[in-house]
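Quick notes on the structure that follows.
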Amino acid sequence: MLICNATLPDGRTGIDMLVRDGRIAAIGPGLVQPPGAELVDAQGWLLSPPFVDAHFHMDATLSYGLPRVNASGTLLEGIALWGELKPLLTEEALVERALAYCDWAVAKGLLAIRSHVDVCDDRLLAVRALLAVKQQVAPYLDLQLVAFPQDGLLRSASALANLTRALDLGVDVVGGIPHFERTMADGAQSVKILCELAAQRGLRVDMHCDESDDPHSRHIETLAFHTQRLGLQGRVTGSHLTSMHSMDNYYVSKLLPLIAEAGVHAVANPLINITLQGRHDSYPKRRGMTRVPELLAAGVNVAFGHDCVMDPWYSLGSGDMLEVAQMGLHVAQMTGQDGMRACFDAVTVNAAKLMGLSGYGMAVGNDASFVLLQARSTVEAIRLRAQRLLVVKRGQVLARSPLAAATLSLPGRPSQVDWTQAR
Ligand SMILES: [Zn+2]
């Protein structure tokens, strides 16, 4: 396949890309179409590496309304609801919902997802279901699983044993939730135990860390410390980090270099953070999302996650990482040109780096996995939540969509509307 006349995320235009044996064989201007190769005219549209979701919960997705809806929309009612739903779950229903979500994801050009899976269930039903899903979707979607002790590693009696079993069964990443343990000390202890477990097994770590408006929730400091102590640099992620929004500025000025030095990645979940945090505030009301521009400026790799789609915590969403990027851009006020481009990176290259995906990106030798977006730039892609014209994984076309258009019937006006930037 030869894709011709594409725009790349770095702004280069008039670029051709040759795909051979599932890999990018050449990329640049003026490539010659080999005999027998299919020609795809990109018409100047944006050719991007696929979207990557750094933080998701596939065991809960599409369960909204089961067994009832979250009437208040709060985190606490969501956790209570999940507790009500868990005993009613079946492996078949979990697999069915997860596969349906993966279909949505593929159609939106989302081809790699890191999903947490709750291990606080002695049956490990969700673990078994998502391991089966991971295997089934492997030809078209990279699903990485995190063993997540939702009820607390030390707070829940069987959590550590279950988490270890989940890793034995093939779950990829060690999870945690230190702010949910009974005490700050227990939270710190859970971080130590989990980082040591990951170091022993050569695994990555991704913890729900300080998902709270409490400015004294400082488990990210402990996470950075153990990352450094155990030589886990580049393999550890702090997810949410919402308490950092509320922390004292002086303390943050010490914390940011520690996170950067330890090579700890950060994940913000803009849609969920803006809806679940700040709920105890009157006015002014905190946004609660972590300090994204400041983390980036300190040299920390920051990705955005979708976190939830139609589950006990969040009733909206469709697997569209451009919606996530757009919300992140607004909440972080990253409205400068560099800031907006950084938000696109947060749902593509930064997330891929955090997951340790190999062969990712628009360069020769990498997987020919990409999405053609009906936009002229990454900023325009976010603005329009651009149509995914073509979604390809290792040279295989997975999804196509027609150009987004509307036919107008207005006196003295053109009949087609064009939302893209005038050239
Ligand atoms: Zn989460």
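No experiment lies behind these values; they were computed from the predicted model shown. Remember, it's 1-based here, ligands and their atoms both numbered in the order they're listed.
Two rings, from His208 and His55, have their centers less than 6.0 Å apart.
When the Zn ion (ligand 1) is compared with the N/O/S atoms of Asp307, atom OD1 turns out nearest.
With no hydrogens or angles considered, a side-chain donor-acceptor pair links Asp118 and Trp82 at under 3.5 Å.
Classification of the Phe148-His57 ring pair by plane angle, with boundaries at 30° and 60°, yields perpendicular.
Looking at heavy atoms from C-beta onward, Ile177 lies out of side-chain contact with His240 at the 4.5 angstrom threshold.
For Cys308, every N, O or S atom stays at 2.8 Å or more from the Zn ion (ligand 1). At least one N, O or S atom of His55 sits under 2.8 Å from the Zn ion (ligand 1). Not one N/O/S atom of Glu211, from backbone or side chain, sits under 2.8 Å from the Zn ion (ligand 1).
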